[in-house]
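Hydrogens, waters and symmetry mates play no part in the numbers below; they use all other heavy atoms, side chains included. In what follows, chains carry the letters A, B, and so on, assigned in the order in which the sequence lines appear, proteins first and then strands, with residues in each chain numbered from 1.
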Number of protein chains: 2
Amino acid sequence: MDKGRALIEPQAPVEPDDYADHRLTEVIELFFFAYRDFTSDPDEILEKYEFGRAHGRVMHFVGRNPGISVAELLNILRITKQSLARVLRELIERGFVRQEEGPRDRRQRLLFLSQAGIELVRKVDVPQRARVRRALEAAGPEARELWPGMLLGIVNPEDRAAVSALVSKPRVVGEDR
Amino acid sequence: MDKGRALIEPQAPVEPDDYADHRLTEVIELFFFAYRDFTSDPDEILEKYEFGRAHGRVMHFVGRNPGISVAELLNILRITKQSLARVLRELIERGFVRQEEGPRDRRQRLLFLSQAGIELVRKVDVPQRARVRRALEAAGPEARELWPGMLLGIVNPEDRAAVSALVSKPRVVGEDR
DNA sequence: AAATTTATGTCAGCCATGTTGACATAAATT
DNA sequence: AATTTATGTCAACATGGCTGACATAAATTT
C-alpha cells in the first residue's frame with residue numbers, strides 16, 4: 001500500500017538540507033525498528049526458561065565480565081539495585097548465576113555464570129549473532145569497520161570511554177567460537 | 001580500571017575468525033548501550049508532560065503518517081490494541097492527537113496530530129536529532145550513506161520492504177527544517 | 001577503638017507498558 | 001440477511017522499571 005521511495009539510493013535527490021534532515025529521521029526510525037527485531041531473538045528463547053529480557057541482560061554481562069561486582073553491573077545496566085535484586089535472586093536460586101565473596105573486599109559479591117548459565121547465554125546468542133552477522137555481511141567490508149564507531153557515536157560522550165573499554169574486551173563466555 | 005583494547009582500530013590483529021566473532025559481540029553490546037542513551041532524550045522531555053515513551057512513539061508515527069489508521073499504527077508498533085488504546089486515549093483527551101472518521105471507510109478512525117502534538121513532537125525531536133547528527137558527522141560521509149542499509153539489515157527480512165517504504169517517506173511533521 | 005562510609009541486601013508499594021480473553025458496535029462486504 | 005472487519009472497552013495479570021526506608025557487615029577514617 002505504501003509505495004515510498006527507495007531507501008538506500010533516493011531516486012530524486014532533494015535539496016541538500018532537506019536530504020540531510022530526512023536522513024536523520026530515517027536513522028531514528030530505523031533504530032526503533034532494528035532494535036524491536038534485534039531483541040526479539042533473545043526474548044523467544046528466554047521465554048522457554050520463564051526468564052525475561054532483564055535476566056538475559058544480566059547473564060550476558062556477567063558472562064562477559066566474570067567476577068563483576070554488583071556495583072559495576074548496576075553501572076552497566078543503569079537500573080536500581082532493587083530492580084537488579086529481583087532478577088539476580090531468581091538467577092541465583094535457579095542456578096544460572098553464582099556469587100563469590102570478593103577476595104580483597106569481603107563486602108563484595110562477585111558474580112559468575114554457572115555452567116547452566118554459560119550454556120543458556122550461548123543458546124540465546126546464536127540467533128542474535130546470526131542476525132548481526134547477516135547484516136554485517138550484507139553491508140559489506142567497509143561497513144563492518146564503521147559499525148562500532150557509529151554506534152559508539154550515539155552513546156553519551158561521557159560514557160564512551162567506559163563503553164568502549166567494555167565492549168572491546170575479548171570474549172569470555174563461549175571460549176569456543 | 002578496565003583497560004581493554006582500542007575500539008575502532010584494534011592494536012594487535014587477532015585471528016580472522018576470532019576477530020569477526022568478537023566484532024559481533026561488540027556490535028550487540030554497542031546496540032544495547034546506544035539504544036539506552038538514544039531513548040533517554042525523548043524520555044526526559046516527555047516526562048515534563050507526564051507522558052511516557054509509548055506516548056512519544058505514537059505521536060512520532062502519527063506525525064510522520066498523518067491520517068494513519070489504528071490498524072496501520074498497530075502494525076508499526078507491534079503492540080496490542082488494548083495497549084495502544086490506553087496511550088491513545090490519553091493523547092486524545094489531552095488534545096495532542098485528533099481522530100477523524102475515514103472518508104471512504106467510515107469505520108476507520110484516522111489519526112492526526114493537533115497543533116500541540118506537532119509542537120511536542122518537534123520539541124522531543126530536537127535533542128534526539130542532534131545526537132544522531134553528531135554521530136553521523138563523526139562517522140564521516142561514507143558512513144552516512146551506510147547507516148540506513150546497515151540498520152535495515154537488522155530488521156526481519158519479511159518486514160524490510162514495509163519498513164523501508166515507511167522510513168523513506170518525506171518528512172511531514174515539521175514542514176520547516 | 002569508635003565513628004563513618006561503603007557494598008550489598010531487603011521490604012513494601014507504586015507506575016508504565018506490555019499481555020490475554022471476552023464482548024460490543026457500527027459499517028462494509030458477501 | 002448474514003458475515004466480516006475496524007475499532008473500542010472491560011477486566012485481570014506480568015514484567016521490569018521506580019522510590020523510600022531500613023539492615024548488616026566490612027572497610028576506612030578519625
Inset, instruction - Go through the structure and list residues passing salt bridge (charged side-chain N to carboxylate O under 4.0 Å, His left out) with A/Arg133, not counting sequence neighbours. - result: none
Inset, instruction - Name all residues meeting the salt bridge (charged side-chain N to carboxylate O under 4.0 Å, His left out) criterion together with A/Glu137; count only those two or more places apart in sequence or in a different chain, and write none if there are none. - result: none
Inset, instruction - Decide if the gap between the ring center of A/Phe31 and the ring center of B/Phe31 is smaller than 6.0 angstrom. - result: yes
Legend entry - For atom CD1 of A/Ile79 and atom P of D/dT15, their distance in whole Å: 16 Å
Legend entry - Phosphate OP1/OP2 of C/dA16 contacted by B/His55 side-chain N/O (<4.0 Å): no
Inset, instruction - Could I get the full list of salt bridge (charged side-chain N to carboxylate O under 4.0 Å, His left out) partners for A/Arg134, not counting sequence neighbours? - result: none
Inset, instruction - Would you kindly give the CD-to-C1' distance between B/Glu90 and D/dT9, to the nearest whole Å? - result: 15 Å
Inset, instruction - Could you encode protein contacts along nucleotides 3-11 of chain C as a string, one character per nucleotide from 5' to 3', using B for base contact, S for sugar-phosphate-only contact and - for no contact, with a heavy-atom cut-off of under 4.0 Å? - result: ---BSBBBB
Legend entry - Non-neighbouring partners of B/Phe51 that pass ring-ring contact (aromatic ring centres under 6.0 Å, His included), sequence neighbours left out: B/His55, B/Phe96
Legend entry - Distance test, side-chain N/O of A/Thr80 to OP1/OP2 of D/dG17, below 4.0 Å: no
Inset, instruction - Determine the stems involving DNA chain C; a stem requires 3 or more consecutive pairs of the Watson-Crick or G-U wobble kind, each with both distances below 3.5 Å, and the answer is none if no such run exists. - result: C:1-30 with D:1-30
Inset, instruction - Output the residues of residues 36-54 of chain A in contact with DNA chain C, where contact means a heavy atom of the residue under 4.0 Å from an atom of the strand; sort by number or write none. - result: none
Inset, instruction - Apply side chain to side chain donor-acceptor pair (under 3.5 Å) to A/Arg129 and list each qualifying residue two or more places apart in sequence or on a separate chain. - result: B/Asp21, B/Thr25
Inset, instruction - Identify, with sequence neighbours excluded, every residue that meets salt bridge (charged side-chain N to carboxylate O under 4.0 Å, His left out) alongside A/Glu29. - result: B/Arg64
Inset, instruction - Could you check A/Ser83 against A/Glu101 and say which one's nearest nucleotide on DNA chain D is further toward the 5' end? - result: A/Ser83
Inset, instruction - Please confirm whether any donor atom in the side chain of B/Arg86 sits under 3.5 Å from an acceptor in the base of C/dG18, or the reverse. - result: yes
Inset, instruction - Starting from P on D/dT19, measure out to CG on A/Leu84 and report it in whole angstrom. - result: 15 Å
Inset, instruction - Kindly state each residue pair satisfying ring-ring contact (aromatic ring centres under 6.0 Å, His included) with at least one member in residues 140-172 of chain B, sequence neighbours excluded. - result: none
Legend entry - Partner residues of A/Phe32 under the ring-ring contact (aromatic ring centres under 6.0 Å, His included) criterion, sequence neighbours left out: B/Phe61
Inset, instruction - Could you tell me which residues satisfy side chain to side chain donor-acceptor pair (under 3.5 Å) with B/Asp37, sequence neighbours excluded, listed by chain and number? - result: none
Inset, instruction - Take A/Thr80 and A/Leu84 through the test side-chain contact (heavy atoms from CB on, under 4.5 Å) and record every step on the way to the result. - result: CA-CA 6 Å; A/Thr80 58; A/Leu84 176 57; over 6 Å; no
